[in-house]
Protein chains: 2
Amino acid sequence: MKPTRTVKTADTLLSVINQLQALNGAGVTELATHLEMAKSTVHDHLMTLHEHGYVVKEDDTYYLSLRFLDHGSYTRERLALKEAVTPPISQLADDTEETVWFVVEERGQAVYLYREIGERGVDLVCRSGTRTGLHATAAGKVILAGYSDERVREITDKQGFDQKTPKTIADTETLLKDLKDIRDTGIAVTSDETNRGVKSVAVAVSGTEEIYGSVVVSGPRQRLTGEHLEDTKSLIRSAANEIELRIDNDVCFR
Amino acid sequence: MKPTRTVKTADTLLSVINQLQALNGAGVTELATHLEMAKSTVHDHLMTLHEHGYVVKEDDTYYLSLRFLDHGSYTRERLALKEAVTPPISQLADDTEETVWFVVEERGQAVYLYREIGERGVDLVCRSGTRTGLHATAAGKVILAGYSDERVREITDKQGFDQKTPKTIADTETLLKDLKDIRDTGIAVTSDETNRGVKSVAVAVSGTEEIYGSVVVSGPRQRLTGEHLEDTKSLIRSAANEIELRIDNDVCFR
DNA sequence: TTGTTCTGTTCCTTAAACCCGAACATCAAC
DNA sequence: GTTGATGTTCGGGTTTAAGGAACAGAACAA
């Protein structure tokens, strides 16, 4: 598909960075064995990253540095969604008392951007910046529902169907069938598709042309039922709408 | 000082990343001219970053991707300070009605980690992850006050004295004299040293051995005076103390 | 239409440097 | 003292990064 020319040294550098995060900090030898590379090679890369301030060293153990936080929060800020998204999200968390996330799509994956934990909310995804397959989450499905079937196929062909639980959608046809229902109702409700025992309700946030992202409320399956579920649905709808209005009119001039 | 072997291709890759942030997104040619490199070279690096999901492409313009947010928020989370820091910070912002930051030192620089904006607070540093010289901020100076003069010299020798305003400290001797006073009172108060017209008050957060960081309240110079200043001082002191207790006892098991 | 001038992309060739391996240094533990 | 685990240094062979020049495609003016 994309046999374009690539810088192999960059591959190794990025793999060092990723492995360093995966291992939650590591020494030279440990990294080298995990990456199946020579110790000296890893050492050189770590020295370079250290020189540029991208890793910190504590007694022979290397960790990623906060320089990544700079790049990361810059990137999030660039989307210019914070002012529009944060207050309604916050309000929604207060009203529903559950955990609320604002999610965007990037490169065929769902990225969790802004969170607010309500009174009784449980902490699930844990970190902003976390990525998941769009198929495996209500937030992702409601975004996909705004795309054409063709575009959905493109994404699933490339990304596949990572199975988070036994109930995670595993093929394109089932996904497209789900999306059809979501398009009708404008809301996505899932149970146990991302985490066992967790129910999620999501609504898309769209502009005139593009889809900005989605708002999702997650909580224990047995709690998000009956009246509480219905209340939640309409609360999310108005929160999503509120965000749309704020994006259109607000300080966020995109 | 450190003539160790370094991976030059990694240098160029990182410079591409940094330039991409500095230019707030750019095309191949624009990047190449800024970096004084061949277009083809930049192109190859961008392709590699794209392949790995570290940049996104919108009509021939490349931007850093949210993958950096993943690394960044992971790094911040690794410090395991959030649970201990966030609530007292939040309370302090409510009480003082000013802007509050929690700051840590990394590689001889001050890194802004957690923020809370009070009722009348003004948004100054803008993003978490932002780095500044320790000498140029109350938050940094109060951290330096916890270090030995020798260690302070090491840092200033390496980092120099970036001048943010005409009143920014410009040499080691003046800094050390300031630190002496700060050590006596346990509090750092600065005016116009980081931003013109801005006054900052900071207190360190320390454990039994190391210093975790500092809490800083910033606001307009003319507002942070008299009684409001004195109130602020004692509020910061108790907030910092609260954080120390939470770090020692809390869920944060370091 | 044609020409101009920006882009981004491809390909070739060579000098550079990445990567490995092996040796060395250092520290703990037994 | 010896063993085994680290991190570190260093020379050299061969991959390959990086530059330059040519190509493609779009936008625009004349």
Side-chain angles (χ1 to χ4, degrees), chain A residues 1-65 106-107 154 158 209, chain B residues 1-65 106-107 154 158 209:
Chain A
M1 185 74 195
K2 265 195 171 184
T4 34
R5 194 169 299 189
T6 165
V7 184
K8 313 217 169 173
T9 310
D11 291 355
T12 63
L13 186 81
L14 295 175
S15 69
V16 167
I17 291 171
N18 278 288
Q19 195 62 234
L20 216 41
Q21 175 166 335
L23 295 174
N24 198 23
V28 177
T29 310
E30 194 180 356
L31 267 176
T33 51
H34 277 269
L35 294 168
E36 295 180 4
M37 292 163 52
K39 276 198 299 178
S40 52
T41 307
V42 174
H43 182 257
D44 289 350
H45 280 268
L46 284 174
M47 291 308 288
T48 313
L49 285 169
H50 187 73
E51 184 110 342
H52 288 268
Y54 282 88
V55 301
V56 291
K57 189 181 177 182
E58 297 173 9
D59 309 313
D60 286 339
T61 304
Y62 293 86
Y63 300 92
L64 295 188
S65 87
E106 187 184 78
R107 294 176 52 87
E154 272 177 32
K158 206 169 284 173
E209 298 284 313
Chain B
M1 184 72 196
K2 266 195 170 184
T4 35
R5 193 176 299 192
T6 165
V7 183
K8 311 218 170 173
T9 310
D11 291 356
T12 65
L13 187 82
L14 296 175
S15 68
V16 167
I17 291 171
N18 278 288
Q19 195 61 233
L20 216 41
Q21 175 165 338
L23 295 174
N24 197 25
V28 177
T29 311
E30 194 181 353
L31 267 176
T33 52
H34 276 272
L35 294 168
E36 296 180 3
M37 291 164 51
K39 278 199 298 179
S40 53
T41 307
V42 174
H43 182 257
D44 289 351
H45 279 269
L46 284 174
M47 292 308 289
T48 312
L49 285 169
H50 187 73
E51 184 110 344
H52 288 268
Y54 282 88
V55 300
V56 291
K57 187 182 177 181
E58 296 174 9
D59 306 316
D60 287 339
T61 303
Y62 293 86
Y63 300 92
L64 296 188
S65 87
E106 187 184 78
R107 294 176 53 87
E154 272 176 32
K158 207 170 285 177
E209 298 285 312

Seminar exercise, completed: Minimal heavy-atom distance between Ser65(B) and Gly53(B), with the atoms involved, is OG-O, 2.6 Å
Exercise. Which one of Met37(A), Gln19(A), Glu30(A) satisfies the side-chain contact (heavy atoms from CB on, under 4.5 Å) criterion with Val42(A)?
Worked result: Met37(A)
For this session: Go through the N and O atoms of the side chain of Lys39(B) and the base of dG19(D), and report whether any donor-acceptor pair is under 3.5 Å.
Result: no
Seminar exercise, completed: When rounded to the nearest 0.5 Å, the distance separating CG of Leu49(B) from CG of Asp44(B) is 11.0 Å
Problem set entry | Worked verdict on Leu31(B) versus Leu46(B) for side-chain contact (heavy atoms from CB on, under 4.5 Å) | CA-CA 10 Å; Leu31(B) 267 176; Leu46(B) 284 174; 3.9 Å; yes
Problem set entry | Spacing of Asp59(B) atom CG relative to dA26(D) atom P, expressed in whole Å | 13 Å
Exercise. How large an angle, rounded to 10°, do the end axes of the helix from dT1(C)-dA30(D) to dC18(C)-dG13(D) enclose when each is built from five base pairs?
Worked result: 20°
Problem set entry | N/O (side chain, His43(A)) to phosphate O (OP1/OP2, dG7(D)) under 4.0 Å | no
Problem set entry | Spacing between Leu35(B) atom CG and dG19(D) atom P, to the nearest angstrom | 10 Å
Exercise. What's the spacing between His45(B) NE2 and Leu20(B) CG if we round to 0.5 Å?
Worked result: 13.0 Å
Exercise. Would you say Thr61(B)'s side chain and Gly25(B)'s backbone share a donor-acceptor pair under 3.5 angstrom?
Worked result: no
For this session: Specify the residues of residues 18-28 of chain A, ordered by number, for which at least one heavy atom lies under 4.0 angstrom from an atom of DNA chain C.
Result: none
Exercise. What is the distance from CG of Leu46(B) to P of dG8(C), rounded to the nearest Å?
Worked result: 9 Å
Exercise. Given atom CG of Asp11(B) and atom C1' of dC18(C), what is their separation to the nearest angstrom?
Worked result: 13 Å
Exercise. Is there a donor-acceptor pair closer than 3.5 Å between any side-chain N or O of Arg107(A) and the backbone N or O of His50(B)?
Worked result: yes
Seminar exercise, completed: CD of Glu36(B) to OG1 of Thr41(B), rounded to nearest 0.5 Å, is 13.0 Å
For this session: Hey, could you give me the CG/CG distance between Leu13(A) and Leu14(B), rounded to the nearest 0.5 Å?
Result: 6.0 Å
Problem set entry | Interatomic spacing from OH in Tyr62(B) to CD1 in Ile17(B) - rounded to 0.5 Å | 14.5 Å
Hey, what are the protein-to-nucleotides 14-18 of chain D N/O distances that come in under 3.5 Å?
unit_1  : atom_1 : unit_2   : atom_2 : d
dA17(D) : OP1    : Lys8(A)  : N      : 3.2
dA17(D) : OP1    : Thr9(A)  : N      : 3.3
dA17(D) : OP1    : Thr9(A)  : OG1    : 3.3
dA17(D) : OP2    : Thr6(A)  : O      : 3.4
dA17(D) : OP2    : Lys8(A)  : N      : 3.1
dA18(D) : OP2    : His45(B) : NE2    : 2.7

For this session: Among Thr4(B), Asp11(B), Thr6(B), Thr9(B), find the one that has a side-chain hydrogen bond (donor to acceptor under 3.5 Å, both in side chains) with Thr48(A).
Result: Thr6(B)
For this session: Using atom CG of Leu31(B) as one end and atom P of dT9(C) as the other, report the distance to the nearest whole Å.
Result: 12 Å
Problem set entry | Rounded interatomic separation in angstrom, taking NZ from Lys57(A) and P from dT6(D) | 15 Å
Exercise. Can you tell me how far P of dT9(C) sits from CE of Met47(B), to the nearest Å?
Worked result: 7 Å
